[in-house]
Structures are given as C-alpha cells and as structure tokens.
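Read the structure below first, then the notes.
Counting starts at 1 for both ligands and their atoms, following the listed order.
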Amino acid sequence: MAEFVEIYEVGPRDGLQNEKRLIPTKEKLALIEKLVACGFRRIEATSFVSPRWVPQMADAAEVMAGVPRRAGLSYAALVPNLKGYEAAKAAGAGEVAIFVSASEGFSRANLNASIAESLERLKPVAEAALANGVRLRGYVSVVTDCPFEGKVAPEQVAKVASQLDALGCDEISLGETLGRAGPEAVAAMLDAVLQRLPASKLAGHFHDTGGLALLNIDVALQAGLRVFDASIGGLGGCPYAPGAAGNVATEAVAAHLAGLGFETGLDIDALAAAAQFARTLRSPS
Ligand code: HMG
Ligand code: MG
C-alpha cells in the first residue's frame with residue numbers, strides 16, 4: 001500500500017486572510033463545502049485574531065458555526081492569544097494553531113510582540129488546549145527569510161520550534177512565509193530542526209512566490225516529513241510579508257505527491273472543482 005502523506009488545507013484561513021475584497025461569510029462557507037467534498041482530514045477554517053489587524057477574519061465565529069461537520073474531519077483555527085483560544089473553543093474548533101516567528105522583526109509586525117513575549121502569551125493557550133483535549137498546532141514563521149531581517153539562521157528556527165514543542169504542541173509547522181527559499185536553504189533549516197525534533201512532529205508550510213515550493217516539498221519528504229500545508233487554488237499571501245505569493249496550491253501538491261507514489265486520500269476531481277471556485281474569490285490584481 002502507498003504511504004500516506006497528509007495535505008493540511010489552509011485556504012480558508014491563510015488563503016483568504018490577505019484578500020482585499022471583504023469576502024462574505026457565505027462565500028467562505030461555499031469554499032469550505034467544496035473542500036469537504038475533497039476528503040481532507042483537517043481544514044484550517046479561519047482565525048480568531050484581532051479584527052483590527054486582519055479584518056477579513058472578523059467573521060470567524062460565523063464561519064465556524066456554518067461549517068459542515070463530518071466524522072473524520074476536524075476544523076482548526078489560528079489563535080494569537082487566550083481571547084482567540086476561548087472563542088475558537090466555543091466555536092467548536094477541534095484544533096487550534098498558535099504562531100510565533102523565527103525573527104524579531106516579523107514577530108513585531110505580525111504579533112506586536114517579541115518572540116519571548118509571544119511565547120509567554122501563548123503559554124496559557126497551550127495549557128488550556130492540553131487541559132481541554134483540543135489539539136495544538138504550532139507555526140514558526142519566516143523559517144529561511146524575513147522581510148525585515150533577511151536570512152534567518154537555521155539554529156534560530158530550531159530553537160523556536162523546540163520552544164513550541166516544550167509548550168506541548170502536537171505538531172509544528174515550519175512556515176517559509178515569503179516563498180523565496182530554494183531547496184538548499186530549506187535543507188539546512190530542516191537539518192537544524194531535526195537535531196531537536198523528530199520528522200513525525202513536523203509539517204512543511206511553503207508559499208510559492210519563487211515557484212520552488214514543490215522542490216522544497218521534495219526536500220522535506222526526503223527529510224521524512226509527511227504533512228504539508230497547502231491552499232486550494234494557490235490562494236493567499238501574508239498581510240505582513242509584502243510581495244509574498246499564496247501558499248503552494250493544494251491541487252498541485254496532491255498531483256505531485258500522487259506522481260511520487262504517495263496516497264493523500266483526496267479526490268482529484270473534487271480538488272479541481274474547489275480550486276476553480278477558489279479562483280473566483282480572488283480580488284482582481
Ligand atoms: P495588539 O494590538 O498588540 O493587542 O495586537 P491588544 O491586546 O491591544 O488588542 C487590540 C484589539 O484587538 C483589542 O480590541 C482587543 O480586544 C482585540 P479594542 O479594545 O481595541 O477594540 N483582540 C482580539 N479580538 C478578537 N480576537 C482576538 C483578539 N485579541 C485581541 N484573539 C494581537 C496583538 C496578537 C491581538 C494582534 O497582533 C493580532 O491579532 N495578530 C494576528 C495577525 C495575523 O493574524 N497574522 C496572519 C496570520 S500568521 C501567518 O499568516 C503565518 C502562517 O501562515 C505561517 C507562515 O506562512 O509563516 C501561520
Ligand atoms: Mg502562511
């Protein structure tokens with residue numbers, strides 16, 4: 001039997017958070033419905049962040065209230081603090097994702113806090129998630145390049161990833177936020193992280209600005225990673241990473257993995273339909 005690789009769908013959150021047009025909740029739910037038909041185990045549906053910072057995600061509770069619930073499918077929500085956690089839990093999130101940066105400049109831009117302050121702020125979130133049986137995912141952003149500080153040292157990424165692990169994260173997603181890194185930089189970063197954490201705890205999160213995301217996924221597969229974040233139709237960007245393109249497109253990752261002989265459990269026709277719909281949500285550039 002083919003080996004399973006999970007694609008963790010982030011389109012409704014990472015994909016849509018940066019869209020200029022305020023997308024009505026019902027359009028977000030229509031996208032999620034099409035994603036459900038694809039057969040994902042996990043979909044990151046929204047984020048419970050400050051609406052002053054990310055207005056597009058202000059309808060997080062309405063989105064979570066409207067998602068179709070299915071056995072074997074869990075919805076995740078991104079949260080920056082305890083307020084976000086409480087709201088995500090009340091809305092029925094099965095998993096919450098906390099996020100820290102590997103560089104101080106990006107941490108300040110994304111969270112208005114230093115790395116140490118954001119880890120401190122996330123400690124009670126992690127404790128609550130563990131106490132409540134809510135699965136906890138941790139993201140490290142800017143794992144190779146930072147828009148404010150340039151190259152990020154692999155050892156710094158390893159340090160932050162192990163700090164998230166110490167908080168009790170079940171999985172740590174390594175975010176190449178700018179989508180500019182090539183395979184060598186990704187390999188060096190993974191080498192450093194793997195000195196401290198097993199591949200089974202890690203996910204790869206690649207944006208595709210430079211068109212190298214699939215090559216980077218290959219490097220991560222060779223390093224033993226078996227979970228990859230992707231966004232349907234390649235939706236996305238990051239509000240605090242000017243110029244960054246969307247996440248690598250889910251349908252491209254699924255086709256790539258199938259070509260390599262991996263099983264993703266996803267329905268190719270449903271992915272194509274969801275991707276086509278996702279592209280209609282995009283603001284004209
Ligand atoms: P702040 O302004 O320093 O904090 O923001 P604050 O505590 O002063 O809060 C400001 C206002 O937001 C207050 O409202 C709070 O109540 C409210 P006011 O009194 O002014 O009316 N507030 C909230 N409202 C709803 N839900 C909440 C919440 N928290 C505070 N959870 C803060 C600090 C962390 C809140 C802010 O910086 C923030 O929300 N940041 C989130 C930014 C974000 O979502 N970035 C994109 C996601 S990360 C990403 O895309 C990278 C990733 O994909 C991986 C990768 O690619 O690298 C994950
Ligand atoms: Mg991202």
Whether over 12 other heavy atoms sit under 6.0 Å from Glu86 CD = yes
inquiry  = Could you work out, for atom 26 (N) of ligand 1, the closest of Val10, Asp14, Val49 by heavy-atom distance?
reply    = Val49
Sidechain N-carboxylate O distance under 4.0 Å for Glu95, Arg13 = no
query = Under 3.5 Å, N or O to N or O, is Glu176 touching ligand 1 that way?
reply = no
query = Any N/O/S atom of Asp14 sitting less than 2.8 Å from the Mg ion (ligand 2), backbone or side chain?
reply = yes
ask   = Nearest to atom 3 (O) of ligand 1 by heavy atom, Asn247, Leu174, Asn112: which?
value = Asn112
inquiry  = At less than 4.0 angstrom from any non-hydrogen atom of Arg121, what atoms of ligand 1 do you find?
reply    = 34 (C)
ask   = Quick one: which ligand 1 atoms are inside 4.0 Å of a heavy atom on Gly84?
value = 31 (N)
query = Which ligand 1 atoms are under 4.0 Å away from a heavy-atom of Leu78?
reply = 47 (C)
task = Enumerate the atoms of ligand 1 whose separation from the nearest heavy atom of Pro51 is less than 4.0 angstrom.
result = 24 (N), 25 (C)
inquiry  = Out of Gln56, Arg13, Arg108, Met57, who is nearest to atom 49 (C) of ligand 1 when you count heavy atoms only?
reply    = Arg13
request  = Could you list the atoms of ligand 1 found under 4.0 angstrom from a heavy atom of Ser141?
outcome  = 51 (C), 54 (C), 55 (C), 57 (O)
query = Charged N to carboxylate O below 4.0 Å: is that the case for Glu19 and Lys28?
reply = no
remark   = Restricting to heavy atoms, the pick from Val125, Asn81, Val79 nearest atom 30 (C) of ligand 1 would be Asn81
ask   = Do Ile172 and Val193 have side chains that get closer than 4.5 Å, going by heavy atoms?
value = no
query = Do any nitrogen or oxygen atoms of His205 lie less than 3.5 angstrom from nitrogen or oxygen atoms of ligand 1?
reply = yes
ask   = Considering only heavy atoms from C-beta outward, does the side chain of Val134 approach that of Leu136 to under 4.5 Å?
value = no
